[in-house]
Protein chains: 2
Amino acid sequence: MLESLVQAEVCDDECPIKKTATVLEGRWTTLVIRELLPGKKRFTEIQRALTGISPKVLTARLRLLERRRLLTRTVFATVPPTTEYELTPLGHRLEAVLDAMAEFGRQLPGDDE
Amino acid sequence: MLESLVQAEVCDDECPIKKTATVLEGRWTTLVIRELLPGKKRFTEIQRALTGISPKVLTARLRLLERRRLLTRTVFATVPPTTEYELTPLGHRLEAVLDAMAEFGRQLPGDDE
């Protein structure tokens, strides 16, 4: 069944692989989701886990994932305010994709360029 | 086992998900691989299947995937010359990732923005 999807003839906007590729597009997007799979996290926790990401890019990625309904953002009226991010049930369904990516990645050499 | 990989604490360059995300980075990359899963294809066949891709971008994606050893390029001395692209065994292992992406994509709405 999945086999037939992968090998369908035309790659139009209804192609499910294209839809997922669009959702995951952009550097860091997949890794932000990875950070949230175990449970909700605060902005600073995600930032600390993703060495090299700028606050600006992280904010942009989180907003985009929120718009795509893959995560929710909750602001708490603490001083200073804290913000928690949590995957939606839809976002959690990406775990299967990330599992497959992890399995493939373990077969790759460390750095081939 | 995979579970533990997904939830590993630090996301450094050795993180297998990050490695795969880097390989698949860039618009069209995943879809080029999708086109080659059923078997080798010529440049024009891939271009025809990916509505909207420019020859320049397709060339760039194919070269990058070749450098990463996910596909091979064979040039035939026909007039005019023809070029065939074929996934390597490593490239074919991405099928599991694309299968998972297809399954996730079928759960997405058509256009939510």
Side-chain angles (χ1 to χ4, degrees), chain A residues 1-35 37-39 48-53 64 67-69 90 93-113, chain B residues 1-35 37-39 48-53 64 67-69 90 93-113:
Chain A
M1 180 185 66
L2 291 176
E3 188 77 8
S4 66
L5 277 166
V6 165
Q7 307 197 355
E9 272 309 302
V10 181
C11 179
D12 59 17
D13 288 344
E14 287 309 303
C15 165
I17 293 178
K18 188 170 190 173
K19 283 187 186 179
T20 304
T22 302
V23 162
L24 295 180
E25 201 163 70
R27 216 177 153 215
W28 299 108
T29 306
T30 307
L31 300 177
V32 169
I33 291 160
R34 171 185 179 276
E35 288 309 313
L37 280 175
R48 211 177 308 135
L50 301 179
T51 314
I53 196 169
L64 191 60
R67 276 214 302 282
R68 287 178 173 153
R69 290 167 207 161
L90 181 65
R93 283 189 212 139
L94 278 167
E95 181 156 5
V97 177
L98 271 68
D99 275 345
M101 289 177 73
E103 188 161 7
F104 179 79
R106 287 190 297 128
Q107 303 168 45
L108 287 176
D111 197 342
D112 61 353
E113 289 194 78
Chain B
M1 179 185 67
L2 291 176
E3 188 78 7
S4 67
L5 276 166
V6 166
Q7 306 196 356
E9 272 309 301
V10 180
C11 179
D12 59 17
D13 289 343
E14 287 308 304
C15 165
I17 293 178
K18 188 171 190 173
K19 282 187 187 178
T20 304
T22 302
V23 163
L24 295 180
E25 202 165 68
R27 214 175 154 216
W28 299 107
T29 306
T30 307
L31 301 176
V32 169
I33 291 160
R34 172 185 179 275
E35 289 308 314
L37 280 175
R48 211 177 308 135
L50 300 179
T51 314
I53 197 168
L64 191 60
R67 276 214 301 283
R68 286 176 174 153
R69 290 168 206 160
L90 180 65
R93 284 190 211 138
L94 278 166
E95 181 156 5
V97 176
L98 271 68
D99 275 345
M101 289 177 73
E103 187 161 9
F104 179 79
R106 287 190 297 129
Q107 303 169 46
L108 287 175
D111 197 341
D112 61 353
E113 290 194 80

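Note: hydrogens, waters and symmetry copies are ignored here, and every other heavy atom, side chains too, is used. Throughout, a chain's letter reflects where its sequence line sits, starting with A, and its residues are numbered from 1.
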**Q.** Contacts of T22(A) that satisfy side chain to side chain donor-acceptor pair (under 3.5 Å) - sequence neighbours left out
**A.** none
Q) Taking only residues two or more places apart in sequence or in another chain, which ones pass side chain to side chain donor-acceptor pair (under 3.5 Å) with E25(A)? A)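 If we apply the side chain to side chain donor-acceptor pair (under 3.5 Å) test to E25(A), skipping adjacent residues, there are no hits.
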Q | Atom pair OG1 (T30(B)) and CD (E35(B)), whose distance is rounded to the nearest 0.5 Å | A | 12.0 Å
Q: Quick one: pull up CD in E14(B) and NZ in K18(B) and give me the separation to the nearest 0.5 Å.
A: 10.5 Å
Q) Where does R27(A) contact chain B at under 4.5 Å (heavy atoms): side chain, backbone, both or neither? A)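 For R27(A), backbone and side chain are both near chain B.
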Q) If you tally heavy-atom pairs under 4.5 Å against chain A, which of A96(B), A21(B), G105(B), G26(B) wins? A) G105(B)
Q: Considering only heavy atoms and a distance below 4.5 Å, find which of R93(B), M101(B), R48(B) pairs most often with chain A.
A: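 Of the candidates given, the most pairs with chain A belong to M101(B).
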